[in-house]
Amino acid sequence: MPVEPNLRQNVAALLLAHYDRHARSLPWRAPPGSRNLPDPYRVWLSEIMLQQTTVAAVIPYFDKFTTRWPTVAALAAADEAEVMAAWAGLGYYARARNLIACARAVTQDHEGRFPDTEEGLRALPGIGAYTAAAIAAIAFQRRAVVVDANVERVVSRLFALETPLPASRPLIREAADAITPQARAGDFAQAMMDLGSSLCVPRNPQCLLCPLRSCCAAHREGRAEAYPVKAPKKDKPHRLGLVWWLERLDGHVWIERRADTRMLGGMAGLPDSGWDKGIARDAPPVAGEWVVLNRPVEHVFTHFRLTLTVQRLRVPAEAAPESPGQWWPLDRIGEAGLPTLFAKVARAVMKAGDD
DNA sequence: AATCCGTGGAA
DNA sequence: TTTCCAAGGAT
């Protein structure tokens, strides 16, 4: 990857100048012009939430979490079920389990302060190569090479990389290293990500407004949108499953906590069959005249589509399954912390009424 | 190394 | 409607 000596200076200078005028205002960023460094806790929390998740989706969760748990010590002391419920709807629930584990590790093993090096950060649960580099650069002003999907796209275009992703990752990293400045690496990383989300977008990139167009090989070719080249993806299989809505006549529904090792692990859920590959249960939580809802619930996960048949049973107030779980009041079902799949089931049951 | 993990918005 | 995709990590 030959990178002209002055290209590094040019890219960083052009991008940082643009960033100084156009940086987005985000809740986890220090105010523009502020001398204060951003709070590592807030940087960390935002980076975990932003993994594979859009800024718009994250902001309300970030506000909720920082209001409720303003410090890493507060989060470490929080009740696990409350944290999981607060995360409900944001997806990728292993992040929430690792979030708790990481907060506790920082509090117990690091005197309440986040490590200030990539290596130290990388050793914490839920922090991988990207997040370690991002926190080191943004919160601790370290020179780190921060490569996320935005950077992959911007770099692929800057250098017109013909090698398809993911095979091009080593090349991309090398190129990103070459253009990352010694100073302001955190601003540079955020500037690259702002660029990737505003101008250098996947479709219909706004090259005429881009501060890097004079350096960009893809733009020179007139085919920025052709990059990054990607390997073809596999199509999604379709799975079927059953879910059991067990309702008590006094207005409660039976809710269980899902095992950590399952999909939606650690979250509240309804009893279901083993649609997530493998063991759950092949019989309803109690025997009875279960009634099938007319409309199944459709849901799409990252790697498969799911059609969930809903069965409903109403039981007297003294009934209870043998399995672990709890009765949850229907008029507070919104606070049960159900992930979206089961929230959809609840909506479907409510809508079905007494059919 | 390839696969598994959620969700919702945009086009 | 379908497809794509987002500040990735763990195994």
Side-chain angles (χ1 to χ4, degrees), chain A residues 23-24 26-29 38 42-62 84 87-99 101-102 121-139 144-154 165-167 169-170 176 186-198 200-205 225 228 230-237 239 258 260-267 269 275-278 298-306 338-344:
Chain A
R24 289 178 291 179
L26 297 170
W28 45 88
R29 286 184 178 169
R42 295 167 66 87
V43 173
W44 164 72
L45 180 62
S46 71
E47 290 299 342
I48 301 300
M49 289 183 165
L50 286 162
Q51 288 167 4
Q52 297 288 287
T53 309
T54 57
V55 167
V58 163
I59 287 176
Y61 283 85
F62 182 84
M84 299 304 289
W87 194 279
L90 199 53
Y92 282 138
Y93 298 100
R95 292 186 295 172
R97 301 194 299 272
N98 285 329
L99 189 82
C102 184
L121 290 160
R122 182 71 180 76
L124 291 166
I127 298 184
Y130 160 76
T131 305
I135 297 173
I138 296 168
V145 181
V146 180
V147 182
D148 76 321
N150 289 300
V151 176
E152 287 182 347
R153 184 169 56 254
V154 172
L165 282 169
R169 293 242 157 87
D187 284 345
F188 180 78
Q190 295 181 91
M192 288 285 277
M193 295 190 277
D194 274 16
L195 186 71
S197 68
S198 60
C200 197
V201 291
R203 283 170 295 194
N204 194 23
E225 191 168 348
K230 293 194 173 185
K233 53 191 60 172
K234 304 168 181 176
D235 47 345
K236 293 183 180 185
R239 294 184 191 171
R258 297 173 64 80
D260 283 349
T261 52
R262 298 187 68 190
M263 276 192 73
L264 313 175
M267 301 296 293
W275 49 266
D276 56 323
K277 80 161 188 294
E298 303 285 350
H299 194 69
V300 180
F301 292 107
T302 304
H303 55 297
F304 64 94
R305 295 189 302 123
L306 176 64
L338 293 174
T340 298
L341 170 66
F342 295 118
K344 278 186 185 177

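To find a chain, count down the sequence lines: A is the first, B the second, and so on, and within it residues start at 1.
Nucleic acid contact for A/M193: base, since at least one base atom lies under 4.0 Å from a heavy atom of the residue. Counting any heavy atom pair closer than 4.0 Å across all strands shown, A/S46 reaches no nucleic acid atom. As judged by a 4.0 angstrom heavy-atom cut-off over every strand, A/W44 is placed among residues making no nucleic acid contact.
Atoms CE (A/M192) and P (C/dA7) sit 12 Å apart, rounded to a whole Å. Atom CG in A/L50 sits roughly 17 Å away from atom P in B/dG6 (whole-Å rounding). Remark: P of C/dG9 and CZ of A/R122 are 7 Å apart, rounded to the nearest angstrom. Atom NZ of A/K236 is separated from atom P of B/dC4 by 12 Å (rounded to the nearest Å). Taking atom CG on A/L124 and atom C1' on C/dG8, their separation rounds to 16 Å, with Å as the unit. The separation between A/Q51 atom CD and C/dA6 atom C1' is 12 Å, rounded to whole Å. If you take CH2 of A/W275 and C1' of B/dG6, they are 10 Å apart, rounded to a whole angstrom.
Of the candidates B/dT3, C/dA7, B/dG6, C/dA7 carries the atom nearest the A/R24 side chain, counting heavy atoms from C-beta on.
Nucleotides B/dA1 and C/dT11 are separated by 11 Å at their C1' atoms, to the nearest Å.
Within the 3.5 Å criterion, the main-chain N or O of A/M263 finds a donor-acceptor partner in the side chain of A/D276.
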